[in-house]
Asker: 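Quick one: structure below, then a few questions.
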Protein chains: 2
Amino acid sequence: MAARRQYEELSQQLSAMGAVKRGLARILPPECPAGSVAVLVLLERHGPMRIGRLAELLAVDMSVTSRHVAHVAERGWIDRTPDPDDRRSRILRLTAEGTEQLAELSERYVQALAGYLEDWSDADVDQLNALLSRLRDSFGDRRAPSARLPHPTEQTTRTPA
Amino acid sequence: MAARRQYEELSQQLSAMGAVKRGLARILPPECPAGSVAVLVLLERHGPMRIGRLAELLAVDMSVTSRHVAHVAERGWIDRTPDPDDRRSRILRLTAEGTEQLAELSERYVQALAGYLEDWSDADVDQLNALLSRLRDSFGDRRAPSARLPHPTEQTTRTPA
DNA sequence: TATTGTTATACTCTATAACTATA
DNA sequence: TATAGTTATAGAGTATAACAATA
């Protein structure tokens, strides 16, 4: 349990992260906004999955996920095959083009970060990664790359009907 | 200079911060979205200023700042008095109502963070604050609470005419 | 002419709610 | 009836560009 002043500063720091995110977003190609990147990355990390699972990992509503997925599917970066176990669903899978796009994106991110963070040590970056991962955990987000124990009360990311 | 894998993870962590920001945004009253909070906080920390300076601190375009400022001014949280030195500008200043609103917001943030981060130590929060501050610095953002040395090449936050 | 600020327009990301198809 | 997914609509945040007033 930390002090009031620390929390005030943290809320400031978090709201200021917008500038950092915009800095990273600027390096993306116009056809591939941040939402698309997130879809591609999660499909690579976790393998093929249904849209509901993806929404959970993204920690956004399924309706949002549906639009991001439509965007990347239109560009051929993923395909959607019927789920044999449940015909309401389709299985999302990265295509070869998607994998290629992802490699290109990763290259851009790494280049940009290497430029911005040239004076950061290995340990600094590790520490920041670890703290951010823990922060997301504390906020109840269970997205990669910090997958954890499944919770007994699995919350849905769904608009309540 | 860190390794490729660390940069890839960091870009992931940063994009995942959206969930944390949404978690914090949900505690705000409907009349006072995050953009308004940022304006109020900066006016409290830095004192009265013009809109151009505020845009710089917010690290967003002046057009965006103008809208946020209009929002908080309409609600009486700031006032705008003509700048005697330059009649194109007005000086933005927190009102008593604004200060009150800010106290209420601060309370909400602290409560929320204390809840989310109950198992974080003092030192953990300090460390995260320090790393986030440094991260913003590395991305060239000069917003509070990590004000630093002024740069000789003061970049504008302005749409290029 | 250049600068400060405002406004119009457009785009991304998000949530809520209504809807379709299947379970 | 309930669930998986889609679509329509709305709102916040942002940027670009055109504009007004002043320097």
Side-chain angles (χ1 to χ4, degrees), chain A residues 15-26 28-39 49-56 58-74 80-92 141 154 156-161, chain B residues 15-26 28-39 49-56 58-74 80-92 141 154 156-161:
Chain A
S15 97
M17 281 302 106
V20 171
K21 287 198 69 179
R22 288 196 297 284
L24 274 185
R26 265 189 282 275
L28 296 176
E31 280 288 276
C32 190
S36 298
V37 180
V39 168
M49 67 181 83
R50 307 198 305 179
I51 224 172
R53 166 76 175 139
L54 189 56
E56 219 176 272
L58 286 170
V60 299
D61 193 86
M62 201 186 290
S63 64
V64 176
T65 310
S66 181
R67 301 193 66 149
H68 291 330
V69 164
H71 183 92
V72 298
E74 280 160 18
R80 296 181 276 195
T81 61
D83 184 342
D85 297 343
D86 184 341
R87 277 180 308 174
R88 293 173 300 183
S89 298
R90 286 178 288 183
I91 304 292
L92 313 177
D141 179 11
E154 195 63 36
T156 175
T157 53
R158 174 90 231 236
T159 299
Chain B
S15 97
M17 282 300 106
V20 171
K21 286 199 70 179
R22 289 196 297 283
L24 275 185
R26 265 189 281 276
L28 297 176
E31 280 288 277
C32 190
S36 298
V37 180
V39 168
M49 67 181 82
R50 308 198 304 177
I51 225 172
R53 167 77 175 136
L54 190 56
E56 219 176 273
L58 286 169
V60 298
D61 193 86
M62 201 186 289
S63 64
V64 176
T65 310
S66 182
R67 301 192 66 149
H68 291 331
V69 164
H71 184 92
V72 299
E74 280 160 18
R80 296 181 276 194
T81 60
D83 184 342
D85 297 342
D86 185 340
R87 279 180 306 173
R88 293 172 300 184
S89 298
R90 287 179 290 184
I91 304 292
L92 313 177
D141 179 11
E154 195 63 34
T156 174
T157 54
R158 176 90 227 243
T159 298

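Atom set for the values below is all heavy atoms of this structure, side chains included, hydrogens, waters and symmetry mates excluded. Lettering of chains follows the sequences in order, A, B, ..., and the numbering in each one begins at 1.
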Asker: What nucleotide among D/dA15, C/dT4, D/dT6 has an atom nearest to a side-chain atom of A/Met62?
Answerer: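 Among the listed nucleotides, the one closest to the side chain of A/Met62 is D/dT6.
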Asker: Taking CG from A/Asp85 and P from D/dA4, how many angstroms apart are they, rounded to a whole number?
Answerer: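 Atom-to-atom, A/Asp85 to D/dA4, this comes out as 13 Å.
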Asker: From B/Leu54 CG over to B/Thr65 OG1, what is the distance, rounded to the nearest 0.5 angstrom?
Answerer: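 Answer for the CG-OG1 pair, B/Leu54 versus B/Thr65, is 5.5 Å.
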Asker: The side chain of A/Ser63 lies closest to which of these nucleotides: C/dG5, D/dA12, D/dA8?
Answerer: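 That would be D/dA8.
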Asker: What's the NE2-P distance between A/His68 and D/dT6, to the nearest Å?
Answerer: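 Value for this atom pair: 13 Å.
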Asker: Side-chain N or O of A/Arg22 less than 4.0 angstrom from OP1 or OP2 on D/dA15?
Answerer: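 Answer is yes, contact under 4.0 Å.
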Asker: What's the closest nucleotide to the B/Ile51 side chain, out of D/dG5, D/dA12, C/dG5?
Answerer: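 So the nucleotide nearest the side chain must be C/dG5.
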Asker: Can you tell me which nucleotide in D/dT7, C/dT7, D/dA15 comes closest to the side chain of B/Val60?
Answerer: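 Among D/dT7, C/dT7, D/dA15, the one nearest the side chain of B/Val60 is D/dA15.
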Asker: B/Leu54 has an atom CG; how far is it from atom P of C/dT4, in whole Å?
Answerer: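 Value for this atom pair: 15 Å.
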Asker: Kindly say if A/Ser66 contacts the phosphate of D/dG5, meaning a side-chain N or O under 4.0 Å from OP1 or OP2.
Answerer: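 Checking D/dG5 against A/Ser66, no side-chain N or O comes under 4.0 Å of OP1 or OP2.
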Asker: Report yes if a side-chain nitrogen or oxygen of A/Arg87 is closer than 4.0 Å to either non-bridging phosphate oxygen (OP1 or OP2) of C/dA21; otherwise report no.
Answerer: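 Checking A/Arg87 against C/dA21: no side-chain N or O falls below 4.0 Å of OP1 or OP2.
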Asker: Which of the following nucleotides, C/dT12, C/dA15, C/dT6, is nearest to the side chain of B/Arg26?
Answerer: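 For B/Arg26, the side-chain atoms sit closest to C/dA15.
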Asker: What distance do B/Ile51 atom CD1 and B/Asp83 atom CG have between them, rounded to the nearest 0.5 Å?
Answerer: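 Reported to 0.5 Å precision, the distance equals 12.5 Å.
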Asker: Could you state the interatomic distance from CE (B/Met17) to CG (B/Leu24), rounded to the nearest 0.5 Å?
Answerer: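 Reported value, rounded in 0.5 Å steps: 11.0 Å.
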Asker: I need the CG-P distance between A/Leu92 and D/dA4, as an integer number of Å.
Answerer: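 Distance, rounded to whole Å: 14 Å.
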Asker: Can you work out whether A/Val64 or B/His71 has the more 5'-proximal nearest nucleotide on DNA chain D?
Answerer: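 It is A/Val64 whose nearest nucleotide is closer to the 5' end.
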Asker: Rounded to the nearest 0.5 Å, what separation is found between the OG atom of B/Ser36 and the CZ atom of B/Arg67?
Answerer: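 It is 12.0 Å, given to the nearest 0.5 Å.
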Asker: Over how many whole Å does the gap from B/Asp83 atom CG to C/dT6 atom P extend?
Answerer: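 Interatomic distance, CG of B/Asp83 to P of C/dT6: 13 Å.
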Asker: What's the CD-C1' distance between B/Glu56 and C/dT3, to the nearest Å?
Answerer: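 It is 14 Å, rounded to the nearest whole Å.
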Asker: Out of D/dT6, C/dT14, C/dT16, which nucleotide sits closest to the side chain of A/Asp61?
Answerer: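 Selected nucleotide: C/dT16.
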Asker: Can you figure out which of C/dA23, C/dA15, C/dT4 approaches the side chain of B/Arg50 most closely?
Answerer: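 Of the candidates, C/dT4 comes closest.
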Asker: Less than 4.5 Å apart, any side-chain heavy atom of A/Val37 and any of A/Cys32?
Answerer: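 Side-chain contact under 4.5 Å: yes.
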Asker: Let me confirm one number: the CG-CZ distance from B/Leu92 to B/Arg50, rounded to the nearest 0.5 Å.
Answerer: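 Spacing of CG (B/Leu92) from CZ (B/Arg50) equals 10.0 Å.
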Asker: Would you mind classifying the nucleic acid contact of A/Ala34 as base, sugar-phosphate or nothing, using non-hydrogen atoms under 4.0 angstrom?
Answerer: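 Result for A/Ala34 = sugar-phosphate.
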Asker: How many whole angstroms separate atom CG of A/Leu28 from atom P of C/dC11?
Answerer: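 So the two atoms are 18 Å apart, to the nearest Å.
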Asker: With a 4.0 Å cutoff (strictly under), does any side-chain N or O of A/Ser89 reach OP1 or OP2 of D/dG5?
Answerer: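 Answer yes for this pair, as a side-chain N or O of A/Ser89 is under 4.0 Å from OP1 or OP2.
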Asker: Using atom CZ of B/Arg53 as one end and atom P of C/dT4 as the other, report the distance to the nearest whole Å.
Answerer: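 About 14 Å, once rounded to whole Å.
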Asker: Taking only side-chain N and O atoms of B/Arg90, does any of them lie within less than 4.0 angstrom of OP1 or OP2 on D/dT22?
Answerer: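 Checking D/dT22 against B/Arg90, no side-chain N or O comes under 4.0 Å of OP1 or OP2.
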Asker: A/Arg88 side chain: which of D/dA8, D/dT14, D/dA4 is closest?
Answerer: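 Among D/dA8, D/dT14, D/dA4, the one nearest the side chain of A/Arg88 is D/dA4.
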